[in-house]
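Below: the structure, in structure tokens.
This one's a predicted model, so the numbers in the text were calculated from it and none came from an experiment. Sequence lines set the chain letters: A, B, ... in the order given, protein chains first and strands last, and positions in each chain run from 1.
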There are 2 protein chains.
Amino acid sequence: MSDPGSETAGRDRTRAHIVSVAAGLLASGGRDALSTRAVAAAAGTQAPTIYRLFGDKEGLLDAVAEFGFTSYLRDKKARPPAGDPVEEFRAGWDLHVGFGLANPALFSLMYGDPQPGRRSPASAVAFRMLGERIRAIAAAGRLKVGERLAADLVHSAGTGVVFTLLSMPEERRDMRLSEVARDAAIAAITTDAPAVETPGPAAAAMALRATLPDATALTDGERHVLGEWLDRLAVGPA
Amino acid sequence: MSDPGSETAGRDRTRAHIVSVAAGLLASGGRDALSTRAVAAAAGTQAPTIYRLFGDKEGLLDAVAEFGFTSYLRDKKARPPAGDPVEEFRAGWDLHVGFGLANPALFSLMYGDPQPGRRSPASAVAFRMLGERIRAIAAAGRLKVGERLAADLVHSAGTGVVFTLLSMPEERRDMRLSEVARDAAIAAITTDAPAVETPGPAAAAMALRATLPDATALTDGERHVLGEWLDRLAVGPA
DNA sequence: CTCCTGTGTTATCGGCGATATCGCCAGGAC
DNA sequence: GTCCTGGCGATATCGCCGATAACACAGGAG
């Protein structure tokens with residue numbers, strides 16, 4: 001281990017090669033084409049190598065999913081930021097649905113056959129991206145439900161749309177479904193009139209201060225303390 | 001074949017027995033527990049019998065899915081018609097989501113790993129039921145999109161919600177997700193005027209929640225408590 | 001030079017879906 | 001009553017799968 005750089009480089013290189021070959025097999029032959037033997041043969045190596053590098057088959061599948069997903073993102077990521085967080089959200093939705101339709105086997109790998117608690121690294125990446133978009137909407141004062149619920153709702157709608165479209169013959173897919181579902185999700189989690197005009201906690205605190213009497217979810221005492229804190233926040237970090 | 005009645009009766013009986021045993025295996029051990037050998041052994045028969053009765057493994061899976069789905073419907077179908085088609089729709093949604101959460105392996109069998117054009121008999125039954133509910137809404141003059149698009153949208157939302165909930169650990173599942181998604185779907189396909197949107201404190205609370213880490217005017221403890229209150233405000237008056 | 005770790009290679013295990021083959025027996029044909 | 005035949009149970013088998021044990025070999029560490 002005196003030369004870990006080149007050693008792990010060689011290791012990483014064969015690993016990347018196997019993942020790339022496996023992704024090709026998956027895309028061309030579907031999930032069933034991705035057997036350890038087929039991958040090993042196509043990569044010019046042996047079955048035990050896969051287990052040394054990936055632990056087990058699930059490790060290989062995770063690596064393939066992450067590779068395919070990030071590759072797709074890299075190819076498509078020429079999009080300039082739109083400014084409006086809801087417009088950014090739309091772009092993210094379309095990107096994700098496009099990924100699912102372009103890589104059905106990969107998408108099924110990431111989201112099909114769900115197991116409680118288990119989440120593939122690739123879908124974790126996707127969910128984190130979604131969380132950032134949701135947060136941006138919230139920071140703009142246009143989110144009317146909790147961030148977590150919003151993210152779950154959008155995730156549900158997106159995966160559902162992709163699965164539904166994938167179950168149809170390709171020529172019968174109605175892409176309006178994606179748009180309608182997308183806008184329905186937006187309508188469910190956002191408000192048209194932004195509650196906050198300027199970014200930062202101060203403006204948000206002021207906006208909340210104004211609607212505080214309507215905050216019936218809090219007790220009188222909580223409302224009182226909250227009011228004091230909001231006053232401090234409205235002044236700013238002085 | 002002079003006595004087709006009793007002959008096919010015996011055939012149907014063993015068939016039903018195998019399906020019932022297989023459903024039990026699937027419910028207890030998950031999808032992987034449903035191997036032809038395991039089913040044959042548990043049913044007290046031999047592997048070739050399964051192929052004689054069901055053609056191949058997919059035929060067996062279809063039969064199991066249909067059996068499980070119709071069994072669930074039979075057990076739960078004590079619901080009296082509600083009159084209002086949208087209310088009927090709500091009941092159907094809740095029934096379907098309940099089925100998915102109660103039978104995760106069956107649900108994955110029906111909707112996971114989608115293949116273009118292929119639709120399991122069980123999901124065909126479910127989709128037909130959905131179509132009837134949609135048609136009733138249309139007949140009442142309250143559908144604002146095409147029946148087909150409406151059905152696809154609802155199907156997407158429903159399967160997406162179930163998959164999302166199934167991917168979470170059981171104790172972390174937020175059942176509001178199903179309700180919010182359901183009502184969002186209703187809002188997207190019906191002409192019912194959505195509840196008048198009073199801004200309320202939710203959006204401002206979410207805006208502040210998103211920028212909370214920047215709120216340097218508060219101590220860590222205050223920020224923590226404030227975060228909990230803001231989450232409650234996002235849910236609304238409960 | 002010797003050891004020791006990591007890799008390539010072969011062989012193998014138990015299980016899977018699917019099928020060929022054969023003995024058997026019930027029921028109709030005559 | 002006897003023969004024939006079609007479907008069933010049972011066994012064995014094929015090819016493939018995921019996974020792992022066992023072993024030969026290379027090449028740096030000491």
Round to a whole Å and report the spacing from [atom1] of [X] to [atom2] of [N].
X	N	atom1	atom2	answer
R37(A)	dG18(D)	CZ	C1'	7 Å
R13(B)	dG7(D)	CZ	P	19 Å
L53(B)	dG17(C)	CG	C1'	16 Å
L25(B)	dG15(C)	CG	C1'	16 Å
D32(A)	dG18(D)	CG	C1'	14 Å
F54(A)	dT7(C)	CZ	P	13 Å
R31(A)	dC16(D)	CZ	C1'	18 Å
L34(B)	dG15(C)	CG	P	17 Å

Mark yes or no for whether [X], through its side chain, and [Y], through its backbone, hold a donor-acceptor pair below 3.5 Å.
X	Y	answer
K144(B)	D192(B)	no
S167(B)	T164(B)	yes
S123(B)	R119(B)	no

**Request:** Kindly say if T49(A) contacts the phosphate of dG8(C), meaning a side-chain N or O under 4.0 Å from OP1 or OP2.
**Result:** yes

**Message:** Just N and O in the side chain of Q46(B): are any of them under 4.0 Å from OP1 or OP2 of dG9(D)?
**Reply:** no

**Residue pairs fulfilling ring pair (Phe, Tyr, Trp, His ring centres under 6.0 Å) with at least one residue in residues 145-176 of chain A, sequence neighbours excluded** = F107(A)-F163(A), Y111(A)-H155(A), F127(A)-H155(A), F163(A)-F163(B)

Taking only N/O atoms, report every protein-nucleotides 20-25 of chain D pair under 3.5 Å with atom names and distance.
none

**Message:** Tell me every residue that passes side chain to side chain donor-acceptor pair (under 3.5 Å) with R176(A), counting only those two or more places apart in sequence or in another chain.
**Reply:** D174(A)

**Item:** Interatomic spacing from CG in D183(B) to OG1 in T190(B) - rounded to 0.5 Å
**Value:** 10.0 Å

**Asked** Should the heavy atoms of other residues, nucleotides or ligands under 6.0 Å from CZ of R135(B) be counted, would the total exceed 12?
**Response** no

**Prompt:** How is I50(B) classified with respect to the nucleic acid when contacts are heavy atoms under 4.0 Å: base, sugar-phosphate, or nothing?
**Reply:** nothing

**Prompt:** 5'-most contact on DNA chain C: G44(A) or A38(B), nearest heavy atom basis?
**Reply:** G44(A)

